[in-house]
Amino acid sequence: MINKIANSVHEAVSGIFDGATVMISGFGEAGSPIELIHALVDKGVKDLTVVSNNAGSGHVGLAALIENRQVRKIICSFPRTAISVVFPELYRKGEIELELVPQGTLAERIRSAGAGIPAFYTPTSVNTPLEEGKEKRDFNNRTYVLEHAIYADFALVKCAKADRYGNLVYNKTARNFGPIMCMAAKNTIVQAKEVVEVGDIDPEHVVTPGIFVKKVVEVPNPADESKLVEQERRYPW
Amino acid sequence: MINKIANSVHEAVSGIFDGATVMISGFGEAGSPIELIHALVDKGVKDLTVVSNNAGSGHVGLAALIENRQVRKIICSFPRTAISVVFPELYRKGEIELELVPQGTLAERIRSAGAGIPAFYTPTSVNTPLEEGKEKRDFNNRTYVLEHAIYADFALVKCAKADRYGNLVYNKTARNFGPIMCMAAKNTIVQAKEVVEVGDIDPEHVVTPGIFVKKVVEVPNPADESKLVEQERRYPW
Amino acid sequence: MVAKENITGWSVQEIAEKVANDIFDGAYVNLGIGLPELVAGRIQDGKEVIFHTENGLLGMGKPAEPGKEDPELVNAGKKYVTAIPGAAYFHHADSFAMIRGGHIDICVLGAYQVSEEGDLANWSSGNPDDIPAVGGAMDLVAGVDTIFVITKFFTKSGKPKILKQCTYPLTGKNVVKTIYTDMAIIDVENKKLKVRELAPGVEFDFLQQNTDAKLYM
Amino acid sequence: MVAKENITGWSVQEIAEKVANDIFDGAYVNLGIGLPELVAGRIQDGKEVIFHTENGLLGMGKPAEPGKEDPELVNAGKKYVTAIPGAAYFHHADSFAMIRGGHIDICVLGAYQVSEEGDLANWSSGNPDDIPAVGGAMDLVAGVDTIFVITKFFTKSGKPKILKQCTYPLTGKNVVKTIYTDMAIIDVENKKLKVRELAPGVEFDFLQQNTDAKLYM
């Protein structure tokens, strides 16, 4: 029998190891699997490479993971926000590595890993400083750069509903990087607001088919990251 | 105001010109826009390059378009079926060109065109006769071939429901090539079993967002291709 | 030496059962057209196996009952099928992302020929008069780690399908893991053919005499 | 010569209105963060314009009303928004397929600098102490044919943003189609800056004296 349901966030992240590459869904707080990230903070594994669009806010979620010195390198498109304090400080001190990737290239590199495409060409970043070190090539009289897939050992993803097969649906713009990170990681770990029975999700409406998911844990009342930041909360609390 | 609804299949295909590249959705009869294809037969434009997974059955739909000598070349993965008679005959006589593409490569080349990716690497076809003429390259000790996007002037697609914005949902495995062909063609023309009001399709359930669609025509009772073939019907009738 | 005609070996249902035995609980499996389709019906009770069909369905169920066929619910062989509770539909690029991206655990395919080193030929006879058609076969062998082949040991004209070298155009090189035939189950291990199990009444020497591929016991 | 301080030009809302005038009925439009967001509120009645936000929504509506904010419904600037009837949600790879694939008609962006030839710099000051952050800007200028820039003519410290050459790192080369500023609307035509309209009280010579870029009338 297929049963991907884990009993706790700690059980769900138990396999994550030192030095792993971990994708984390979310666009800012929307879709950020904050409870899974906090379980990872509790676990304390180190030298992680994190792939995520942003670099966290305040002192909770991804920012807490970084502040806890568990992240060696971050691959992201936008590490700068008004309430991002942890990453900038470590970055300026040279204590965390940054690979800055245009957002669409980041998304496509993630999707490519999931789709078995090792590399592709894109026009994004041509004639800018971010083309540096990349192979260039012309197709139909336009210049493109070669970009490589980003593979991950784990993905931490937040969704709205899941079943024991790992079929997922998302909520509004919290979908963002979730579906493609599920595809790209060897082990995808999902926190769902609600776990439903197999058959409750219409096959036409499934966004992430269960084949891309290894573990699901129900987190019925996920924390609201922006409220925690507003309240100046710190994790671990 | 945005209103992509056309009044008839003939109006919908009226812009298709001699020499155009036309994608046609469907996997066998599932998802094949037979009424749009027949409108194209009526229109009589010639020298078309058709991109479609199969090459038609019997003497209706895509087979009728080929039989009417409107297709110069077909790009597809599987032109051979038990009831495919028109294509084999013309192919053996050297009167139609075939570009045979593995099904996954076909899908990815179509999706790439829609996604602004001119070329990508795939392991499919390496060490087979279909690698011939393709550039090869190793990534992480595995060999891949370079594949190029397939762009199209038009796509003819069948779906279940559409609204005047061009938002689409499909029915079961009739979805197949529809969503990616909508993305890849400059002008996507859709026949929908039902046209609904804007807002009737839940934004979470939209499969093809309207941005990929130019025209929608309602065909409430599309013909059942396999029945027509069984009845040995021929188009034009 | 035993004449081929006198050896019956396993029935196709028995071969399918042997394949089903090697499919683990929870596996995501793609079944090719023809003999492979029999495997779905032989999965042991208690195992939950999810079938993928490359035309856009994960969670393919049994064939559709007569009178309940839906022309918009078909499998890769364009046969009318059903979907199980917990199924999902998706488009072709997503479907082949599952295949090419290594997400399908096992694929069961038919074969024209399999070579000593696990090369597979199952898409073209190489006859210039035949209409070439490849479908998803090359994507499957390139993307799925475990490729099982289910086939009769001999062709209809009595020629072996297991050969030192394939003479037909390849679908993929070094891709087959196990060959399930009516005569024997043969694993491809480090580019060598190891006979794992012989059908009742089949001797190793008989097999070896009927193929130019080197077999190991 | 008129002192800069004495020239008011258009208000930001007026500039936004000028941009909105140039957005055609039925256009698919992506709005950058900051000044570009004002454009949504200035679309003329009777025009139906569909706003795309790259974090996965086509059919972005008005900002969320106070008390009705949904942290899972935000725009690219992470502000709480709404969705119109007929909207669609999708994932990031699909969203950037819309951008990179040339499906968005118009993108309105802010700018640090624009060059004579339509180069845009809007993501980095090049200051090594700044945290580099690019977001979707480079994808947008690479993928959308019509790039409108909406910006003040002068920086806060009174320096021109329109220059012969950008000194900041580029977002894209030869990408800007029109620059909408408080002082003038300037089209980039064949790598030349053509002033299309001057704000009330602004003279061509004043603009030319305040930039090393060559302007044409």
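Here the structure is a predicted model, which means the values were calculated and not measured. Naming convention: chains lettered A, B, ... in sequence-line order (proteins, then strands); numbering from 1 in each chain.
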Quick one: does [X]'s side chain have a donor or acceptor within less than 3.5 Å of a partner on [Y]'s backbone?
{"X": "B:Arg92", "Y": "C:Asp129", "result": "yes"}
{"X": "C:Arg100", "Y": "B:Pro123", "result": "no"}
{"X": "B:Thr173", "Y": "C:Asn55", "result": "no"}

With side chains defined as the heavy atoms from C-beta onward, is the minimum distance between [X] and [Y] less than 4.5 Å?
{"X": "C:Lys78", "Y": "B:Phe27", "value": "yes"}
{"X": "C:His92", "Y": "B:Ile180", "value": "yes"}
{"X": "B:Tyr91", "Y": "C:Pro132", "value": "yes"}
{"X": "B:Lys193", "Y": "C:Glu72", "value": "no"}

Crowded around [X] [atom1]? As in, over 12 foreign heavy atoms under 6.0 Å?
{"X": "B:Lys161", "atom1": "NZ", "answer": "no"}
{"X": "C:Lys47", "atom1": "NZ", "answer": "yes"}
{"X": "B:Asn140", "atom1": "CG", "answer": "no"}
{"X": "B:Glu95", "atom1": "CD", "answer": "yes"}
{"X": "C:Asn190", "atom1": "CG", "answer": "no"}
{"X": "C:Lys159", "atom1": "NZ", "answer": "no"}

Top contributor to chain C contacts, counting heavy-atom pairs under 4.5 Å, from [options]:
{"options": "B:Ser125, B:Gly178, B:Gly104", "value": "B:Gly104"}
{"options": "B:Gly28, B:Pro79, B:Ala30", "value": "B:Pro79"}
{"options": "B:Ser226, B:Cys76, B:Pro88, B:Gly26", "value": "B:Pro88"}
{"options": "B:Glu225, B:Lys227, B:Glu108, B:Arg111", "value": "B:Glu108"}
{"options": "B:Ala174, B:Ser84, B:Pro102, B:Ala55", "value": "B:Pro102"}

So for [X], is it side chain, backbone, both, or neither that comes closer than 4.5 Å to the heavy atoms of chain C?
{"X": "B:Ser32", "answer": "neither"}
{"X": "B:Asp224", "answer": "side chain"}
{"X": "B:Leu98", "answer": "side chain"}
{"X": "B:Arg80", "answer": "both"}
{"X": "B:Val207", "answer": "neither"}

Top contributor to chain B interface from [options] [non-hydrogen pairs under 4.5 Å]:
{"options": "C:Ala76, C:Gly126, C:Ser124, C:Gly56", "answer": "C:Ala76"}
{"options": "C:Gly135, C:Ala93, C:Ala83", "answer": "C:Gly135"}
{"options": "C:Gly143, C:Ala87, C:Ala97, C:Gly136", "answer": "C:Gly136"}

| What closest approach, in Å, do C:Ile131 and B:Phe87 show between heavy atoms, and which atom pair accounts for it? | CG2-CE2, 3.8 Å
| Where do C:His91 and B:Phe177 land on the side-chain contact (heavy atoms from CB on, under 4.5 Å) test, with the steps shown first? | CA-CA 6 Å; C:His91 64 57; B:Phe177 284 90; over 6 Å; no
| query | Under a 4.5 Å heavy-atom cut-off, does chain B meet the side chain of C:Ile99, its backbone, both or neither? | reply | neither
Hey, could you give me the [atom1]/[atom2] distance between [X] and [Y], rounded to the nearest 0.5 Å?
{"X": "C:Trp123", "Y": "B:Ser77", "atom1": "CH2", "atom2": "OG", "answer": "11.0 Å"}
{"X": "B:Thr128", "Y": "C:Leu120", "atom1": "OG1", "atom2": "CG", "answer": "11.5 Å"}
{"X": "C:Phe96", "Y": "B:Gln103", "atom1": "CZ", "atom2": "CD", "answer": "4.0 Å"}

| Residue list, ring-ring contact (aromatic ring centres under 6.0 Å, His included) with B:His59, at least two apart or on another chain | none
| request: Using the side-chain hydrogen bond (donor to acceptor under 3.5 Å, both in side chains) rule, collect all pairs that involve residues 200-210 of chain B, keeping only residues at least two apart or in two chains. | output: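 Listed once each, the pairs are A:Arg175-B:Glu204, A:His205-B:His205, B:Tyr170-B:Thr208.
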| Pair C:Met138-B:Leu130, side-chain contact (heavy atoms from CB on, under 4.5 Å): steps then yes or no | CA-CA 9 Å; C:Met138 286 187 184; B:Leu130 294 188; 3.7 Å; yes
| task | Just do the side-chain contact (heavy atoms from CB on, under 4.5 Å) check on C:Leu57 and B:Lys172 with the steps written out, would you? | result | CA-CA 8 Å; C:Leu57 167 60; B:Lys172 305 191 182 78; over 6 Å; no
| Can you name the residues of residues 61-70 of chain C that have some heavy atom under 4.5 Å away from a heavy atom in chain B? |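 So far as heavy atoms go, C:Asp70 are the residues that approach chain B to under 4.5 Å.
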| Can you pull out the residues in residues 160-186 of chain C with any heavy atom less than 4.5 Å from chain B? |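 Within residues 160-186 of chain C, the residues that come under 4.5 Å of chain B (heavy atoms only) are C:Pro169, C:Leu170, C:Thr171, C:Gly172, C:Lys173.
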